[in-house]
Amino acid sequence: MVGKVSMRKWQGDLHIEHLCIQRGELEWRHHFDLIPGKILVLMGQSGSGKTSLLECLGGFLPAKSGHVVYADQRIDTLAPEQRPVSSLFQQHNLFEHLSVEQNLKLGFQRGKPSSVQWQAVLSACERLGVLALIKRFPSELSGGQRQRVALIRTVLREQPILLLDEPFSALDDETRSVAGDWMKDQLLETGQCAILVSHQQSDSERLADQILRI
Amino acid sequence: MPQAAKLNSQRYSQGLTLVSKQWLGLLSLGFIVTLSLLAFVSLAGWSGESAATYLWKDPWFWQVIRFSLWQAGLSALLSVLLALPISRALALDPKLPARRAFLRWCLLCFVMPSLILITGLVALLGRSGVLTPWLSDGWRLYGLNGILLAHIFLNLPFAIRVLTLQWQSIPSAAWKLSAQLGFSGWQRFYLVEWPVLRGVLPAVIGFIFLLCFNSFAVVLALGGGPAASTLEVAIFQSLKYDFNPSEALFLAWTQLLLAGSIYVMLSRFGRFQWLAPAQSGQSDWIPQQSLSMTLLGRIGYVMAWLYLTLPIMVLLPLAKQANWQLLLNTGLLSILSRSLFLAVSASLLSLVFALSILSVWAALRHSRWHMWVSSIALYPLVVPTMVLSVGLYILMMPYLDWYRWGWVAIVLMNAVVVLPFVFKQLHPRVASYQQQYGRLQADLNQDRFTCWRHIYLPYLKPVLLQVMAMSFVLALGDMSIFAIFGNDDWRTLPWLIYTLAGSYRLAEAALVSLLLLVFAYLGLRWLERSA
């Protein structure tokens with residue numbers, strides 16, 4: 001059993017203020033707050049703008065108007081690299097030419113986690129059942145295993161805002177609940193907040209502190 | 001702040017970021033553009049007058065253009081036509097022996113230093129060639145015959161590789177379906193095979209045409225007179241023998257215009273793949289061929305083996321008669337190490353050019369800018385090497401001792417000349433990296449060193465090794481740049497072969513050719529193994 005380790009704590013609130021996002025003909029407006037340690041589950045049909053909101057918060061899609069404020073600082077003016085967010089995309093979360101271990105290490109500065117950080121990664125891998133796989137390459141993993149590896153890196157990256165686009169879509173019910181519980185524990189401990197896109201009612205029931213239907 | 005001013009200041013800061021992060025790539029782009037501008041300006045300035053437009057009325061000028069186009073057209077068409085049955089057999093005849101070896105040999109033939117082949121052809125079909133007694137009395141290697149034989153030797157293998165990969169790319173489901181629907185042989189060709197070929201044929205013909213149009217060493221060595229001269233050789237001769245820069249300038253503009261328009265047409269034809277590692281054939285189900293088609297394919301395959309190996313095989317017995325002492329006295333070892341040093345440096349430099357330019361390419365957002373960056377990197381393919389070399393030579397002559405610094409120019413110019421190949425091979429890989437991982441990389445926010453060292457270079461590595469080996473072999477075989485900047489006291493392997501063959505020392509030329517071939521082969525082995 002890998003020992004429990006202490007992590008960095010976050011205390012800022014996230015404010016989405018009159019954010020207007022436009023994609024082609026479509027336009028969406030959002031206004032909500034999220035406090036540390038909480039999860040907001042975004043639900044809605046395909047094409048309803050869930051991914052666009054995450055892309056906008058990540059800095060990959062410019063907002064038409066409105067502000068994004070974290071810990072009293074505007075972050076919507078920052079380049080993607082400088083935003084205090086960590087994203088799990090729908091696909092291409094792992095570098096296929098690097099081993100799982102290397103992929104996990106790239107969540108940390110210079111690809112070199114401290115021993116405390118790496119301990120946390122290993123402990124998460126054990127809990128999510130991927131510890132035995134870390135010497136493998138992503139192509140040797142199933143869809144669900146890849147998703148868990150990517151989730152671990154995204155959550156443990158020490159960024160206060162997590163943007164998770166369908167993080168459990170490839171997981172069966174049991175693994176889904178293990179991964180969800182782990183994430184929730186992690187967030188409570190560190191004060192990170194998460195915006196999570198899901199199509200599953202069960203995810204929102206189990207994980208959501210807030211639900212946003214769009 | 002008003003909207004427009006805000007936009008301007010945003011653009012300004014984006015521009016500053018680009019310059020601070022991409023200075024090496026911008027420097028490379030600037031270098032290539034400046035080099036070409038200065039080359040043309042210096043040619044124009046030297047003559048003190050405009051280009052020799054009077055050539056327009058000279059029948060010799062039209063003869064050169066006609067011949068350049070004619071030989072390139074014939075070489076391209078024949079290469080592709082001959083490649084068709086052979087590629088089909090390679091892809092669809094599972095009983096064909098040594099297919100992998102053949103495809104590997106094809107790759108070597110395509111990048112083979114042309115001086116090796118020229119020596120081989122002279123030994124085989126020249127005045128006292130091994131096969132010459134069996135040919136008709138009127139046979140002459142020099143002229144169109146020799147040029148076609150050499151150009152097809154160099155380019156048929158390229159066409160074979162592209163077309164074989166194309167045929168192999170047909171999914172086995174399509175073959176199975178065609179069998180279940182009871183297609184005849186012709187129907188199957190028209191409905192299953194032709195669609196995958198149609199896309200690449202014009203591009204392959206166009207590309208070979210361009211290579212042959214710009215060919216230098218083959219035409220210089222096998223042209224055998226003014227009747228069979230191409231523009232590139234004419235430029236060389238007007239400078240080297242007549243020292244007439246204004247004439248060279250006019251020829252250079254003509255060459256640039258023609259090769260440029262061919263390239264523009266070619267770039268609309270689509271893309272093809274040829275460097276992918278040779279496959280040993282499809283393991284899945286492919287249909288049974290008719291007996292006549294199978295026979296035709298096998299005969300073509302045997303002929304291709306003979307055609308592509310005889311000019312090299314003939315060098316072996318010849319090389320045995322070589323006078324080793326004479327070669328050692330000419331400083332063979334230092335020539336060899338010089339050649340290797342120049343080729344390795346040029347291929348490394350071209351990689352630096354290509355990677356830094358691709359980094360600029362990736363950092364730019366608009367497709368219009370993408371097009372400009374790609375055009376600059378690919379443009380050395382159409383500009384005559386001779387023009388760049390001679391322009392640079394004349395430009396720097398007052399300030400630089402070329403006798404001493406010629407090697408720097410040889411490395412630089414070879415790197416520029418192989419850049420289009422390197423760029424074209426690396427480009428898809430970089431583009432797919434951007435597409436797959438661009439966001440992930442931005443999200444992970446690693447410093448540039450970590451990104452390059454731990455993510456980007458490992459991703460590019462297989463292709464990087466391939467293109468490095470390829471550019472090494474291409475630079476190793478360089479003739480035209482050395483023809484300008486080199487000198488007899490300071491020879492490279494191809495130039496040594498040229499002078500040996502020119503002084504009727506064919507046995508020694510054969511030996512050095514084989515030596516050059518061994519190094520080219522070692523480079524390519526590395527390529528295929530690492531791919």
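Across every non-hydrogen atom of B:P458 and A:L98, the tightest pair is CB-CD2, 4.1 Å.
No more than 12 heavy atoms of other residues, nucleotides or ligands shown are found within 6.0 angstrom of CD on A:Q73.
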Got a list of the donor-acceptor pairs under 3.5 angstrom between chain A and chain B?
unit_1 : atom_1 : unit_2 : atom_2 : d
A:E55  : OE2    : B:R439 : NH1    : 2.7
A:E81  : O      : B:N445 : ND2    : 2.8
A:S87  : N      : B:D443 : OD1    : 3.1
A:S87  : N      : B:D443 : OD2    : 3.0
A:S87  : OG     : B:D443 : OD1    : 3.1
A:L94  : O      : B:Y437 : OH     : 3.4
A:E96  : N      : B:Y437 : OH     : 2.9
A:H97  : NE2    : B:I455 : O      : 2.7
A:H97  : NE2    : B:Y459 : N      : 3.2
A:L106 : O      : B:Q446 : NE2    : 2.6
A:F108 : O      : B:Q446 : NE2    : 2.5
A:R110 : N      : B:Q446 : OE1    : 2.8
A:R157 : NH1    : B:D443 : O      : 2.7
A:R157 : NH1    : B:D443 : OD2    : 2.8
A:R157 : NH2    : B:D443 : O      : 2.8

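Contacts of A:L94 with chain B are made by backbone atoms alone, with heavy-atom separations under 4.5 Å and no side-chain atom involved. With a threshold of 4.5 angstrom between heavy atoms, A:F95 approaches chain B through its backbone and through its side chain.
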